[in-house]
Amino acid sequence: LLQIEVLTCGLFIYVSTLLAYISREESGANPKRLLNEFLDRMATGTTPPAAQSPLGSLYTLYTDVMDSAYPEKDKQGREVPVANLRLVLGSIVVLRDQLSPAALGALLKLEEDDVRFILRRLHSVITVPDKSASEDVIRLIHPSFQDFLLDPSCLSNTRSARFAVDPQFQHTTAAKFCFQTLSSLRRDMCQIENRHLPNSEIHDLEALKTAHLPPQLQYACKHWSRHLCSGVADPEIIKLAEEFCQTRLLMWLECLSLIGCIDGAVEALQDALRAFKVR
């Protein structure tokens, strides 16, 4: 207990994460053995250099959580693929709004069940809502887990490099998925028919938005430019942006108006212009 108290240095999230990690049923391991193994690693110094600090110790715990959920090799000695894990985790940590498993899957062109399957062993660091709560969103239990995944030192550590997130690459990927999602925009998406009717006079506007403007589309409308500015304007991005501006711009403005975000349109276009000028 004294050793745990020294390691935590007042970080309650450390204790709660450690307890969730050693008590998870799917591991099939003895919780006492998992705890002792972790404490032994801390005592013998077989941890990343950053582990001398309380936050570094927490990063070590996060690495153990990830390693345990996704070991390098399975029981048959085959390499465990982590491409989709990195895609899902990377998206969760860079997206501007939290999304449900269904909406995140739709944005990333994955099935909802795939998203749930990928995150199923990470309940000690991520909260995934039950299917019955379809509108609830995926949440990181503590912001320090986001910091861990985005920390450049994780890329240089052999144990955590498999899970580390390159923010520039991830924002570029998010921008591409946003543009692909925006390709579904059509004129009069909510089937209002009278285009001159003010939003305040549209009957059941909220119900129409729920029916015709899914969360992943609303997200793409609001945030594509921010991901674009934080990523790399590679040839694929340029092609997607050109197609969007030529064929979907007015439909995007209509959608922004319906979801009450039209004020952000000018800033989004200015940001995009700056991103391409820099290139």
Side-chain angles (χ1 to χ4, degrees), residues 84 86-112 114-115 134-135 137-138 165 167-193 195 199 202 205-279:
N84 280 347
R86 290 173 66 129
L87 172 63
V88 171
L89 278 183
S91 299
I92 290 172
V93 300
V94 303
L95 292 186
R96 303 297 296 256
D97 295 334
Q98 297 167 323
L99 296 175
S100 68
L104 180 62
L107 182 67
L108 302 180
K109 310 303 184 238
L110 296 172
E111 296 292 333
E112 177 185 354
D114 291 335
V115 173
S134 58
E135 299 302 317
V137 297
I138 300 169
V165 174
Q168 189 177 60
F169 172 82
Q170 201 62 51
H171 278 293
T172 304
T173 301
K176 291 176 181 178
F177 280 119
C178 283
F179 278 129
Q180 291 171 9
T181 300
L182 291 170
S183 67
S184 66
L185 284 173
R186 299 290 182 270
R187 180 175 292 183
D188 194 16
M189 285 285 292
C190 288
Q191 300 177 12
I192 298 167
E193 296 182 357
R195 289 184 291 166
N199 289 348
I202 298 173
L205 179 57
E206 291 302 317
L208 290 172
K209 289 192 292 186
T210 300
H212 301 288
L213 302 177
Q216 67 274 10
L217 179 59
Q218 294 191 34
Y219 180 89
C221 284
K222 291 189 289 184
H223 298 304
W224 64 267
S225 65
R226 298 183 182 184
H227 291 303
L228 177 67
C229 291
S230 300
V232 177
D234 61 25
E236 183 182 358
I237 282 283
I238 293 173
K239 182 179 179 181
L240 289 167
E242 183 179 22
E243 180 184 2
F244 166 70
C245 290
Q246 290 178 347
T247 63
R248 298 284 187 275
L249 199 60
L250 293 179
M251 302 168 195
W252 168 64
L253 292 172
E254 178 189 359
C255 188
L256 281 183
S257 173
L258 290 170
I259 63 178
C261 296
I262 193 66
D263 290 347
V266 173
E267 182 181 356
L269 293 175
Q270 290 176 335
D271 287 345
L273 182 61
R274 280 194 292 269
F276 289 124
K277 277 187 174 181
V278 167
R279 184 183 182 278

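Looking at heavy atoms from C-beta onward, Val93 lies out of side-chain contact with Gln170 at the 4.5 angstrom threshold. In this structure the side chain of Gln218 reaches within 4.5 angstrom of the side chain of Ile259, judged on heavy atoms. Annotation: side chain of Val94 is not in contact with side chain of Thr173 (no heavy-atom distance under 4.5 Å). Side-chain contact between Ile138 and Val88 is absent, with no heavy atoms from C-beta onward closer than 4.5 Å. Put simply, the side chain of Leu258 does not reach to within 4.5 Å of the side chain of Leu208, judged on heavy atoms. With a 4.5 Å cut-off on side-chain heavy atoms, His227 and Cys178 count as touching. Contact annotation: the side chain of Thr172 never approaches that of Phe169 to less than 4.5 Å [non-hydrogen atoms, C-beta and beyond]. Under the 4.5 Å side-chain criterion, counting only non-hydrogen atoms from C-beta, Leu108 is not in contact with Asp114.
The only option from Ile237, Asp271, Leu240 that meets the side chain to side chain contact (heavy atoms under 4.5 Å, CB included) definition with Leu228 turns out to be Ile237.
Counting non-hydrogen atoms of other residues, nucleotides and ligands closer than 6.0 Å to NZ of Lys109 gives a total above 12.
Note on Lys209 versus Glu206: salt bridge recorded, some NZ/NE/NH1/NH2 to OD/OE distance being below 4.0 Å.
The minimum heavy-atom distance linking Phe177 with Leu107 is given by the pair CD2-O, 3.2 Å. Minimum interatomic distance between Asp234 and Lys176 (heavy atoms only, all atoms of both residues): OD2-NZ, 2.9 Å. When every heavy atom of Ala272 is checked against every heavy atom of Cys229, the shortest pair comes out as N-SG, 4.3 Å. What you find for Gln191 and His212 is that their closest heavy atoms are NE2-CE1, 3.6 Å. The two residues Leu256 and Cys221 come nearest to each other via the heavy atoms CD2-O, 3.7 Å. The two atoms that bring Gly105 and Val115 nearest to each other are CA-CG2, 3.7 Å, heavy atoms only.
A distance of 5.5 Å separates SG of Cys255 from CG of Leu185, quoted to the nearest 0.5 Å. Rounded to the nearest 0.5 angstrom, Ser225 OG and Gln270 CD are separated by 10.5 Å. Separation of atoms CZ (Arg226) and NE2 (His171) is listed at 11.5 Å; rounding is to 0.5 Å. Between the CD atom in Gln216 and the OG1 atom in Thr181 there is a gap of 6.5 Å [rounded to 0.5 Å]. Atoms CG and CD1, on Asp188 and Ile192 in that order, are 6.0 Å from each other to the nearest 0.5 Å. Going from atom CE of Met251 over to atom OG of Ser184 covers 11.0 Å, rounded to the nearest 0.5 Å.
The aromatic rings of His223 and Tyr219 lie tilted to each other, with the angle between the two planes from 30° to 60°. Taking the six-membered ring where tryptophan is involved, the planes of Phe244 and Phe179 are tilted, since the angle between them lies from 30° to 60°.
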* To do: Please assess Lys222 against Arg96 for the test side-chain contact (heavy atoms from CB on, under 4.5 Å), listing each intermediate value before the final yes or no.
  => CA-CA 9 Å; Lys222 291 189 289 184; Arg96 303 297 296 256; over 6 Å; no
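Not one N or O on the side chain of Gln168 forms a donor-acceptor pair closer than 3.5 Å with the backbone of Val232.
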